[in-house]
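Here's the structure, in structure tokens; my notes come after.
Naming convention: chains lettered A, B, ... in sequence-line order (proteins, then strands); numbering from 1 in each chain.
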Number of protein chains: 2
Amino acid sequence: MDRLESVILFLIDQTSKTAKRFTQRELDKKGWDITIDQWVLLKIVEESNGLSQNELAEKSSRDGASITRSLDILEKKHYLERKATPEDRRQYKISLTPEGQAFIAKNMSLVNKHRAKSLEGFSSEEIKSLKEMLLRIQKNMS
Amino acid sequence: MDRLESVILFLIDQTSKTAKRFTQRELDKKGWDITIDQWVLLKIVEESNGLSQNELAEKSSRDGASITRSLDILEKKHYLERKATPEDRRQYKISLTPEGQAFIAKNMSLVNKHRAKSLEGFSSEEIKSLKEMLLRIQKNMS
DNA sequence: TATCAATAATTGATATATCATTTAATGGAC
DNA sequence: GTCCATTAAATGATATATCAATTATTGATA
């Protein structure tokens with residue numbers, strides 16, 4: 001029977017927490033006014049404009065209720081907006097505002113710096129294989 | 001510039017969330033009355049009896065305040081207990097109760113089944129290299 | 001031994017996640 | 001067209017995470 005420190009799911013969770021906490025603190029120091037999860041939401045919207053809230057929940061692996069509340073916050077900051085969908089009045093299409101675009105533009109290089117830091121010393125083959133294994137685990141757990 | 005889906009830190013977080021939600025739901029169905037994070041705490045105590053709360057926070061990559069509250073819950077369920085430390089009356093040593101031991105014994109095989117499921121199709125070399133890469137990322141982010 | 005900085009755990013305030021429920025709108029089946 | 005199950009998003013209740021501040025204790029130093 002394995003000790004916890006060698007259980008992959010435990011290590012993944014631990015790595016996620018460690019990296020997130022580290023990055024969040026660094027970004028707070030730089031005067032960020034949003035969380036990493038909110039940033040991720042902005043990036044998803046940037047990459048796929050006009051998604052519905054359910055689609056955002058799916059893409060970000062989060063609960064729909066949680067997305068509703070994050071969108072409220074990001075809308076209040078004027079980083080993105082809900083646009084009515086004429087074909088289906090129950091749903092919205094979410095899109096970036098110019099302020100949202102500007103916020104991403106201003107911070108992207110800092111985020112890239114952190115991503116690079118997390119992978120210092122990794123070869124591109126390693127990164128490729130790591131990605132692929134993470135996806136396999138996700139598939140196993142769904 | 002990479003799309004989010006190929007950003008390692010994003011994939012790690014996503015994998016962690018997916019696996020945790022999946023496992024939590026499965027365990028809830030079996031009538032578990034604790035969360036995965038509480039389970040992890042129990043397991044840490046089982047593997048290293050008599051740690052202080054700060055040490056538990058460190059090992060579980062969680063905040064001390066959060067540990068305090070989880071311990072309150074687990075103590076109320078009589079799964080573990082705080083024992084006074086005579087050498088330092090500020091700290092406690094945390095240990096499993098017989099009920100805690102029994103709970104682990106009863107559920108361990110189910111947990112192992114989920115761990116195995118997450119790694120279906122993985123060779124032991126792959127697992128070894130995945131572990132090692134996760135630890136390297138943690139080191140990079142600390 | 002009196003003082004004071006450092007430390008362990010707790011507590012308060014606040015933010016966010018999750019599940020269940022509710023509301024409004026949609027789209028079949030009849 | 002009416003009924004009704006389904007769906008999208010919002011909301012309420014509850015649990016947990018984080019940070020900052022607090023409380024009690026320790027240990028070093030003057």
Side-chain angles (χ1 to χ4, degrees), chain A residues 13-14 16-29 32-41 45 50-77 80-94, chain B residues 13-14 16-29 32-41 45 50-77 80-94:
Chain A
D13 187 49
Q14 198 172 45
S16 169
K17 281 180 187 163
T18 303
K20 247 173 144 171
R21 204 175 317 178
F22 177 82
T23 307
Q24 185 71 57
R25 282 184 188 157
E26 291 296 310
L27 298 180
D28 286 349
K29 278 188 220 158
W32 259 33
D33 59 345
I34 67 172
T35 66
I36 291 177
D37 286 326
Q38 289 166 14
W39 167 267
V40 167
L41 220 41
V45 175
L51 294 182
S52 70
Q53 300 188 194
N54 277 342
E55 289 166 328
L56 289 177
E58 164 74 17
K59 283 225 183 216
S60 59
S61 310
R62 290 170 59 192
D63 186 86
S66 186
I67 295 296
T68 293
R69 283 153 182 147
S70 288
L71 291 183
D72 289 345
I73 293 170
L74 292 170
E75 223 178 10
K76 206 165 292 172
K77 289 188 198 293
L80 46 75
E81 53 190 351
R82 291 171 164 97
K83 284 186 182 155
T85 307
E87 318 86 85
D88 185 344
R89 278 158 44 214
R90 289 169 304 181
Q91 77 173 16
Y92 301 100
K93 292 192 184 309
I94 313 301
Chain B
D13 186 50
Q14 197 173 46
S16 168
K17 281 179 187 164
T18 304
K20 247 173 143 171
R21 202 175 319 178
F22 176 82
T23 306
Q24 184 72 56
R25 282 184 189 158
E26 291 295 310
L27 299 179
D28 286 349
K29 275 189 223 159
W32 259 32
D33 58 346
I34 67 172
T35 65
I36 292 176
D37 286 326
Q38 290 166 13
W39 167 267
V40 167
L41 221 40
V45 175
L51 294 183
S52 70
Q53 299 188 196
N54 276 343
E55 290 166 328
L56 289 177
E58 164 74 19
K59 283 224 183 217
S60 59
S61 310
R62 289 171 59 192
D63 186 86
S66 186
I67 296 295
T68 292
R69 283 156 182 146
S70 287
L71 291 183
D72 289 346
I73 294 170
L74 292 170
E75 224 178 8
K76 205 165 290 170
K77 289 187 196 295
L80 45 75
E81 51 191 351
R82 291 171 165 96
K83 284 185 181 154
T85 307
E87 318 86 85
D88 185 344
R89 278 159 44 215
R90 288 168 304 182
Q91 76 173 16
Y92 300 100
K93 291 192 185 310
I94 313 301

Figure out the [atom1]/[atom2] separation between [X] and [N], and round it to whole Å.
| X | N | atom1 | atom2 | answer |
| --- | --- | --- | --- | --- |
| B:Ile36 | C:dA17 | CD1 | P | 17 Å |
| A:Arg25 | D:dT18 | CZ | C1' | 9 Å |
| A:Ile94 | D:dA10 | CD1 | C1' | 13 Å |
| A:Lys20 | D:dA17 | NZ | C1' | 11 Å |
| B:Trp39 | D:dT16 | CH2 | P | 17 Å |
| A:Gln24 | C:dT16 | CD | C1' | 12 Å |
| A:Asp63 | C:dT21 | CG | C1' | 13 Å |
| B:Leu71 | C:dA9 | CG | C1' | 10 Å |

| Checking all strands, does A:Ile67 fall into the base, sugar-phosphate, or nothing category for heavy-atom contacts under 4.0 angstrom? | nothing
| field | Chi angles and distances behind the salt bridge (Lys or Arg N to Asp or Glu O under 4.0 Å) call for B:Asp72, B:Lys76 | value | CA-CA 6 Å; B:Asp72 289 346; B:Lys76 205 165 290 170; over 6 Å; no
| message | Any strand counts, and the cut-off is 3.5 Å on both contacts for Watson-Crick or G-U wobble. Which nucleotide pairs with D:dA30? | response | C:dT1
| field | Residue closer to the 5' end of DNA chain C, A:Asp37 versus B:Glu55 (nearest nucleotide) | value | B:Glu55
Taking the side chain of [X] as its heavy atoms from C-beta onward, which of [options] lies nearest to it?
| X | options | result |
| --- | --- | --- |
| A:Ala65 | C:dA20, D:dT16, C:dA17 | C:dA20 |
| B:Gln38 | C:dT11, C:dC19, D:dT16 | D:dT16 |
| B:Arg82 | C:dT10, D:dT18, C:dT18 | C:dT10 |

On a heavy-atom basis, which atom in [X] and which in [Y] lie closest, and how many Å separate them?
| X | Y | answer |
| --- | --- | --- |
| B:Ser61 | A:Gln14 | OG-CG, 2.9 Å |
| A:Gln53 | A:Thr68 | NE2-OG1, 3.4 Å |
| B:Arg62 | B:Ser70 | NH2-OG, 2.6 Å |

| task | Check whether any side-chain heavy atom of B:Asp37 sits under 4.5 Å from a side-chain heavy atom of B:Ser60, and report yes or no. | result | no
| task | Kindly indicate whether the side chain of B:Ile94, heavy atoms from C-beta on, has any atom under 4.5 Å from the side chain of B:Leu71. | result | yes
| message | For a quick check, tell me whether the side chain of A:Arg62 and the base of C:dT18 share a donor-acceptor pair closer than 3.5 Å. | response | no
| Is A:Arg69 side chain donor-acceptor paired with the D:dG12 base, going by distance under 3.5 Å alone? | yes
| message | Which is more 5' along DNA chain D, the nucleotide nearest B:Arg89 or the one nearest A:Asp72? Just name the residue. | response | A:Asp72
| task | From the options B:Asp28, B:Ile36, B:Thr18, select the one residue that forms a side-chain contact (heavy atoms from CB on, under 4.5 Å) with B:Thr23. | result | B:Ile36
| message | For a quick check, with a 4.0 angstrom heavy-atom cut-off, what is the B/S/- contact string for nucleotides 3-8 of chain C, read 5' to 3'? | response | ---BBS
| field | Side-chain N or O of A:Ser66 closer than 4.0 Å to phosphate OP1/OP2 of C:dT16 | value | no
| said: Side-chain N or O of A:Thr68 versus OP1/OP2 of D:dA9: is the shortest distance under 4.0 Å? | reply: no
| message | My understanding is that only residues two or more places apart in sequence, or in another chain, count here; which of them pass side chain to side chain contact (heavy atoms under 4.5 Å, CB included) with B:Ser52? | response | B:Asn54, B:Glu55, B:Gln91
